[in-house]
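Heavy-atom basis, side chains included; hydrogens, waters and symmetry copies ignored. In this chain, numbering begins with 1 at the start of the sequence shown.
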Amino acid sequence: MTTGEAVQLVIIDKLKQLIINNDMVATRALLNSVRYEENVSLGQLSYDIIALDYIVGLDEGVAPGEPPVPEVAELEKWIAAKGLDLNPYAVRNSIIANGTTWFRQGGSHIVTDTINPEAFAQIIELSQDELQNKIKREWQLLFKNNR
């Protein structure tokens, strides 16, 4: 398995499943935003995990008076998608005064349960063959260039 495939399986797919399991799919914007990008810079490979910024507020919850507080337009979309009869200004004011439901419940932990040392170890294990081949090619290149 390639490292990218392992990142997709261990992090991206799990994070998306947690978003679904926690009913965070009203507009599907968050779910659709979750992805990874592979980057190579100066011979170093890295993977960026990308999602909409407010995923942090869902992971930990938003404390009273703390950012990010959703804009009214975003709340209107969310309320419509949920089919609720709520005033978006009242919802925003409630979040500012009381924090989010996720904050009051101790957070959802969708990010911290997904991106952690255990996940990194699993990615390395799943992509071990590819990583060993890359290391071997780098060593061969290094010795070839130092003759």
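The closest donor-acceptor contact from the side chain of T100 to the backbone of F103 lies under 3.5 Å. Between the side chain of T3 and the backbone N or O of S127, no donor-acceptor pair lies under 3.5 Å. In terms of modelled atom types and a separation under 3.5 Å, the side chain of Y36 and the main chain of I12 share no donor-acceptor contact.
Under the 4.5 Å side-chain heavy-atom criterion for grouping Ile, Leu, Val, Met, Phe, Trp and Tyr, I11 is not connected to I124 through any hydrophobic cluster. Under the 4.5 Å side-chain heavy-atom criterion for Ile, Leu, Val, Met, Phe, Trp and Tyr, I49 and Y54 are members of the same hydrophobic cluster. Hydrophobic clustering places V40 together with Y47 (ILVMFWY residues linked when any side-chain heavy atoms are closer than 4.5 Å, directly or through intermediates). L52 and I50 are assigned to two separate hydrophobic clusters, defined by single-linkage of ILVMFWY side chains at heavy-atom distances under 4.5 Å. One hydrophobic cluster, built from ILVMFWY side chains closer than 4.5 Å, holds both I19 and V56.
Within 6.0 Å of CG on D53 lie no more than 12 heavy atoms contributed by other residues, nucleotides or ligands. For CD of E38, the number of neighbouring non-hydrogen atoms (other residues, nucleotides, ligands) closer than 6.0 Å is greater than 12. By the neighbour-count criterion of 12 heavy atoms within 6.0 Å, atom CD of Q44 is sparsely surrounded, having that number or fewer from other residues, nucleotides or ligands.
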- Message: Applying side chain to side chain contact (heavy atoms under 4.5 Å, CB included) to L31 and M24, what does each step give before you reach the verdict?
- Response: CA-CA 8 Å; L31 184 67; M24 299 173 176; over 6 Å; no
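One finds the CD atom of Q128 at 4.5 Å from the CD atom of Q132 (value rounded to the nearest 0.5 Å). We find the CG-CD distance between D48 and E37 to be 6.5 Å, quoted to the nearest 0.5 Å. For the atom pair CG (N21) and NZ (K16), the distance works out to 14.0 Å, reported to the nearest 0.5 Å. A distance of 12.5 Å separates CD1 in I79 from OG1 in T27, rounded to the nearest 0.5 Å. Note: N87 CG to E76 CD = 9.0 Å, rounded to the nearest 0.5 Å. Annotation: the span from D13 atom CG to E5 atom CD amounts to 11.0 Å, rounded to 0.5 Å.
The side-chain heavy atoms of I95 and P70, taken from C-beta on, include a pair separated by under 4.5 Å. Using a 4.5 Å cut-off on side-chain heavy atoms (C-beta onward), W102 and N22 make contact. Looking at T2 and Q8, their side chains never come closer than 4.5 Å, going by heavy atoms from C-beta outward. Side chains of L75 and Y89 form no contact here, defined as non-hydrogen atoms less than 4.5 Å apart.
Listed here is the closest heavy atom pair of A51 and S33: CA-OG, 3.5 Å. Nearest heavy-atom pair across R104 and N98 is NH1-O, 3.5 Å.
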Atom pairs and distances, donor-acceptor, side-chain atoms in residues 106-115, under 3.5 Å, two or more places apart:
| unit_1 | atom_1 | unit_2 | atom_2 | d |
| --- | --- | --- | --- | --- |
| S108 | OG | L58 | O | 2.6 |
| S108 | OG | I110 | N | 3.4 |
| H109 | NE2 | G106 | O | 2.8 |
| T114 | OG1 | I110 | O | 2.6 |

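For L126, the side chain to side chain contact (heavy atoms under 4.5 Å, CB included) criterion is met by M1, A6, L9, V10, Q122, not counting sequence neighbours.
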